[in-house]
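I have placed the structure first, in the form of structure tokens, so that the comments after it can refer back to it.
All residue numbers in this chain count up from 1 along the given sequence.
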Amino acid sequence: MSNPVIKTRFAPSPTGFIHIGNARTALFSALLGLREGSQFLLRIEDTDRDRSRDEFVNAMQEDLWWLDLKWHEGPVVGGNNGPYHQSARESIYDKHIAHLTEKGSVYPCFCSESELSIARKIQLSSGQPPRYSGKCAKLSANAVKTLLEKGGKPTLRFRVPNDTIVEFDDIVRGKQPFKTNDIGDFIIRRSDHSTAFFFSNAVDDADMGVTHVLRGEDHLANTPRQIMLLNALGLRVPQYGHISLIVGDDGSPLSKRHGSRSIRELRAEGYFPLAVVNYLGRLGHFYESDDMMSVTTLAARFDLARLGKSPARFDAHQLLHWQQRALAAATVDELWEWMGPDVHNLVPPERAQEFVHMIRGNVSFPVHAVHWAKIIFHDPLILNDQARETVAHAGHQFFSQALLAANLHPGNFKEFSEEIRKHTSAKGKALFMPLRAALTGELGGPEMAQILVLMGPERVKQRLHACL
């Protein structure tokens, strides 16, 4: 197979569940990499030994599969560029670090964290960008040897050239120049010999043949460092694109108070994956069509030129809109499965299809279906406060006539309600709202004619009698 024109990747750190921001990055990368002739790669960046956990790796893979984002290369599916967990790639990193060492592009740094912290505070108070002073850059071989013999555990820093401009053409934001004097020599390997993000992330992209990197704009300042590293190693530099961050409706960073959840939470609530990808696909990217689209169609119509530079505002109402679109498009069998075991245990199997048809326009999540299943098929009925007031206002005579009408016209709501109207003069809301309140405990919901049929004559009469 020839090399793809475009190869993208999603490279999460397994330190928690994927949230909406991660998921959108994965989606955009996948949409670009799932187009014809392109490839999408998954890599696990688990170099944070203290926080990385297998359960998050497994959950992340499940979430991506749930969203229908299937990678061509990476964990589970394999490929020619493994291993795909960074924790298993130390020998690869050692080889590249040895190459940088031979070139004199790196040096050991023995500065303590407290020294570095004080220096950063001084620089910030003086209005300067925090950068390493270069204190250890000129240590002689003998001085390094002495410090090591005394038990020093150095980090390894990359030598950044002075008075140079690192410039790249960002896929989303255009020309991006950075002054090296504002960057300073940076750490590529920590004192515990684990590699820093700048280094392992860049090396892996080059080694795995990634051509396009889409990531959040919070990574923009990392890019000149990675370009310098790749140039020093003689490795290919991918095209970088930094997508806008997602913010809440007030413009502040997205958080739970804005309705942000993990993909795992959205799954548990009963969101359809198609609803989530159709919403996220439009969160910072423009599609001409407002149609509900499959991942394949979203990928075919994905255009880098339509990625926005401004912050993307998360709107929980829009997410719900796509959920309702997905519900409307789902089959009866899909909806029945989606409603889950709590509904299945309440609704008689022979009434399942009727139940789904009746409530599909009145539910957004499985919990709503459970609510209506309890109303229709479970006793005792609990009336909400408004329903209780409506029943009380209708009075004893109304429900006496309603009970008589139920005996005369079981299961036929039109004749049942007409019989009540003839004997009480109640009409419009004065007729229908007390009946709805008495039979369902609510003042809104599915068509009463359907409710009457599913509820059955005996339960209808029992509930009307209770209102007397």
Side-chain angles (χ1 to χ4, degrees), residues 1-15 17-18 22-49 52-97 99 171 194-215 219 222 226 229-230 233-241 263 273 277 294-296 298-300 302 304:
M1 181 177 178
S2 59
N3 291 329
V5 175
I6 289 177
K7 187 175 187 179
T8 65
R9 53 77 163 171
F10 178 51
S13 298
T15 57
F17 295 119
I18 295 181
N22 296 136
R24 189 191 60 155
T25 300
L27 176 63
F28 285 174
S29 298
L31 294 181
L32 184 58
L34 292 176
R35 298 189 302 184
E36 187 176 352
S38 299
Q39 282 194 307
F40 174 50
L41 176 147
L42 175 66
R43 183 174 69 239
I44 310 300
E45 302 206 333
D46 56 351
T47 55
D48 188 336
R49 297 166 184 170
S52 295
R53 287 158 51 182
D54 287 342
E55 70 172 283
F56 294 136
V57 175
N58 295 333
M60 176 269 301
Q61 292 177 159
E62 289 171 5
D63 288 343
L64 292 178
W65 281 321
W66 179 74
L67 291 168
D68 199 26
L69 304 183
K70 298 181 176 70
W71 52 99
H72 303 104
E73 184 181 341
V76 182
V77 301
N80 298 323
N81 300 289
Y84 295 98
H85 285 67
Q86 285 188 337
S87 57
R89 295 177 62 82
E90 288 186 10
S91 60
I92 297 170
Y93 304 143
D94 289 344
K95 179 190 73 174
H96 288 296
I97 285 174
H99 180 58
I171 297 169
S194 64
T195 49
F197 165 81
F198 301 126
F199 181 78
S200 53
N201 180 270
V203 163
D204 287 346
D205 283 340
D207 276 0
M208 294 179 181
V210 173
T211 63
H212 291 67
V213 173
L214 290 179
R215 56 189 182 184
H219 284 287
N222 297 334
Q226 294 184 306
L229 276 169
L230 292 174
L233 288 166
L235 297 175
R236 176 178 175 173
V237 178
Q239 287 187 261
Y240 291 99
I263 297 302
V277 297
S294 67
V295 169
T296 302
L298 286 167
F302 184 77
L304 289 170

Look up atom [atom1] in [X] and atom [atom2] in [Y], then write down how far apart they are to the nearest 0.5 Å.
X      : Y      : atom1 : atom2 : value
His96  : Phe199 : NE2   : CZ    : 6.5 Å
Ile171 : Leu32  : CD1   : CG    : 7.0 Å
Arg215 : Phe10  : CZ    : CZ    : 13.0 Å

Within-4.5 Å side-chain heavy-atom neighbours: [X] and [Y]:
X     : Y      : answer
Leu34 : Thr296 : no
Met60 : Phe17  : no
Leu42 : Pro75  : yes

To check you understand the geometry: which heavy-atom pair defines the closest contact between [X] and [Y], and what is its length?
X      : Y      : result
Ser194 : Thr47  : CB-O, 4.5 Å
Leu298 : Val277 : CD1-O, 4.0 Å
Ala202 : Leu230 : O-CD2, 3.4 Å

I'd like to know if the side chain of [X] reaches the main chain of [Y], judged simply by a donor and an acceptor atom lying under 3.5 Å from each other, with no hydrogens or angles considered.
X      : Y      : value
Glu45  : Ser13  : no
Tyr240 : Val237 : no
Arg35  : Phe302 : yes
His72  : Phe40  : yes
Thr8   : Ser29  : yes
Thr211 : Lys7   : yes

Problem - Glu36 CD: over 12 foreign heavy atoms closer than 6.0 Å - result: no
Practice task
Decide, yes or no, whether a salt bridge links Asp46 with Arg53 under the criterion of side-chain N to carboxylate O below 4.0 Å.
Solution key: no
Problem - salt_bridge(Arg9, Glu73) N-O dist < 4.0 Å - result: no
What side-chain donor-acceptor pairs closer than 3.5 Å can you find for residues 63-70, not counting sequence neighbours?
residue, atom, partner, partner atom, Å
Asp63, OD1, Arg264, NH2, 3.4
Asp63, OD1, Arg267, NH1, 2.9
Asp68, OD1, Lys70, NZ, 2.2

Exercise for the section: Any chance you could lay out the side-chain contact (heavy atoms from CB on, under 4.5 Å) test for Gln226 and Asp205, step after step, and finish with the verdict? Expected result: CA-CA 10 Å; Gln226 294 184 306; Asp205 283 340; 5.7 Å; no
Practice task
Quick one: list whatever passes salt bridge (Lys or Arg N to Asp or Glu O under 4.0 Å) with Arg89, sequence neighbours left out.
Solution key: Asp204, Asp207
